[in-house]
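Heads up: the structure comes next, in structure tokens.
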There are 2 protein chains.
Amino acid sequence: MFSKACEYGIRASIYIALKSLEGTRVSLKEIAEKIDSPVAFTAKVLQQLSKNDIVESIKGSSGGFEISKNNISQIKLSQIVYAIDGNNVYEGCGLGLKRCNAKEPCPVHNRFVQIRAELKNMLESTTLYDMTMGLEQELTYLRR
Amino acid sequence: MFSKACEYGIRASIYIALKSLEGTRVSLKEIAEKIDSPVAFTAKVLQQLSKNDIVESIKGSSGGFEISKNNISQIKLSQIVYAIDGNNVYEGCGLGLKRCNAKEPCPVHNRFVQIRAELKNMLESTTLYDMTMGLEQELTYLRR
DNA sequence: ATAAATTAGGACAATTTTGTCCGATTTAAT
DNA sequence: ATTAAATCGGACAAAATTGTCCTAATTTAT
Ligand code: FES
Ligand code: FES
């Protein structure tokens, strides 16, 4: 579904959001630990997210990553996915034709666009804030 | 969503089904041409499908691939996907945790399983026969 | 000023996926 | 029997993705 980079990106964003809500900034090292991801690879993903204004990175000693409270409730899951995986999720054809195209549809087009519309709807209606709920009470997990 | 191998596999199966309904067997070369896929790579995918009894391969001169009429209406899209991509579609976690697990869910689990259930339902309710409809009248395409 | 802790970024390496090549095997036609 | 047309299967190659390493730059604390 999503690339590894994107999966790490989402998990990282959720963790940063969680800690930002608690008022603390987190380091790359801590993030990678808490979401169980390769440190250096996660660094690249975070750079990408930082460039796309999903997370804010602060350099130097006592630096790290954070997300403003306002952004936590504004940023949609769809934005994170788009920042890393681009719009393949939306524009790709289920059978791999150059581009999904209703004028010259593939044999699964009609069935596929329905599923995708619901996926799109889900991604666009889920905020970072939504995804942090449940983590505190261990109703959900970012690693296992 | 699906791997390239799987995309080619689905398109190939649909084309073979189409021709089998017309009573003609098709060669690898013709398949690759009609679905616009790399010949040798498609051969591997067809071997896989043959081993999984999705398509029937006939060796030798005047050989090729075919699917029995009975199977065309029985084979589900889900079986083709499973034969090539395995069950990642069903068992994978949206955020990349080892395995989707309702007891220790990731933050998108509840939203994700819904989408997946609909995808699963679609894959399991779409037959090869369903996907051949529309191709003759060029209402749908296997290449562009 | 210096040291320590941190992110940024480039180069590289490993792995997986995708794709190619070629000889072996099978079958049908001559 | 020989030849031609086809799939099979192993080895290889290319490309994309995933992951690592190291140095530079930035900021804070001493
Ligand atoms: S054309 Fe294939 S999904 Fe739309
Ligand atoms: S645990 Fe992540 S989707 Fe089920």
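Every chain is numbered from 1 and lettered A, B, ... according to where its sequence line falls, protein lines coming before strand lines.
- The ring-ring contact (aromatic ring centres under 6.0 Å, His included) analysis of residues 48-82 of chain B, with sequence neighbours excluded, yields no pairs.
- At least one side-chain heavy atom of B:Met131 sits under 4.5 Å from a side-chain heavy atom of B:Thr126.
- Put simply, B:Leu97 and B:Phe112 are part of two different groups of oily side chains (I, L, V, M, F, W, Y) that touch within less than 4.5 Å, one to the next.
- With rounding to the nearest 0.5 Å, the separation of NZ in A:Lys29 from OG1 in A:Thr42 is 14.0 Å.
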Kindly give the atom pairs (protein nitrogen or oxygen, nucleotide nitrogen or oxygen) under 3.5 Å for nucleotides 14-18 of chain C.
from	atom 1	to	atom 2	distance (Å)
C:dT18	OP1	B:Lys4	N	3.0

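- In terms of heavy-atom proximity, A:Ser37 sits nearest to A:Tyr8 at CB-CD2, 3.6 Å.
- Side-chain atoms of B:His109 and B:Cys100, non-hydrogen and from C-beta on, do get closer than 4.5 Å to each other.
- We find that CZ of A:Arg25 is positioned 11 Å from P of D:dT27, with the value rounded to whole Å.
- Counting to the nearest Å, the C1' atom of D:dG9 and the CG atom of B:Leu49 are 16 Å from each other.
- Atom CD of A:Glu56 is separated from atom P of D:dT26 by 17 Å (rounded to the nearest Å).
- Between the CG atom of A:Leu21 and the OG1 atom of A:Thr132 there is a distance of 5.0 Å, given to the nearest 0.5 Å.
- Put simply, the side chain of B:Leu123 reaches to within 4.5 Å of the side chain of B:Tyr90, judged on heavy atoms.
- A:Glu91 meets the salt bridge (charged side-chain N to carboxylate O under 4.0 Å, His left out) test with A:Arg99; sequence neighbours excluded.
- In this structure, B:Asn121 contributes its side chain and B:Glu118 its backbone to no donor-acceptor pair below 3.5 Å.
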Query - Protein-to-nucleotide contact annotation, 5' to 3' order, nucleotides 1-13 of chain C [B base; S sugar-phosphate only; - none; under 4.0 Å, heavy atom] - result: ---BBBSSBBB--

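- With rounding to the nearest 0.5 Å, the separation of OG in A:Ser125 from NZ in A:Lys120 is 12.5 Å.
- The side-chain heavy atoms of B:Leu77 and A:Val108, taken from C-beta on, include a pair separated by under 4.5 Å.
- To the nearest angstrom, C1' of D:dA6 lies 14 Å from CD of B:Glu66.
- Between A:Glu124 and A:Lys76, no side-chain nitrogen of the basic residue sits less than 4.0 Å from a carboxylate oxygen of the acidic one, so the salt-bridge criterion is not met.
- Near DNA chain C, meaning a heavy atom under 4.0 Å from it, residues 84-97 of chain B has no residue at all.
- The end-to-end axis angle of the helix from C:dA1-D:dT30 to C:dT30-D:dA1, rounded to 10 degrees and based on five pairs per end, is 0°.
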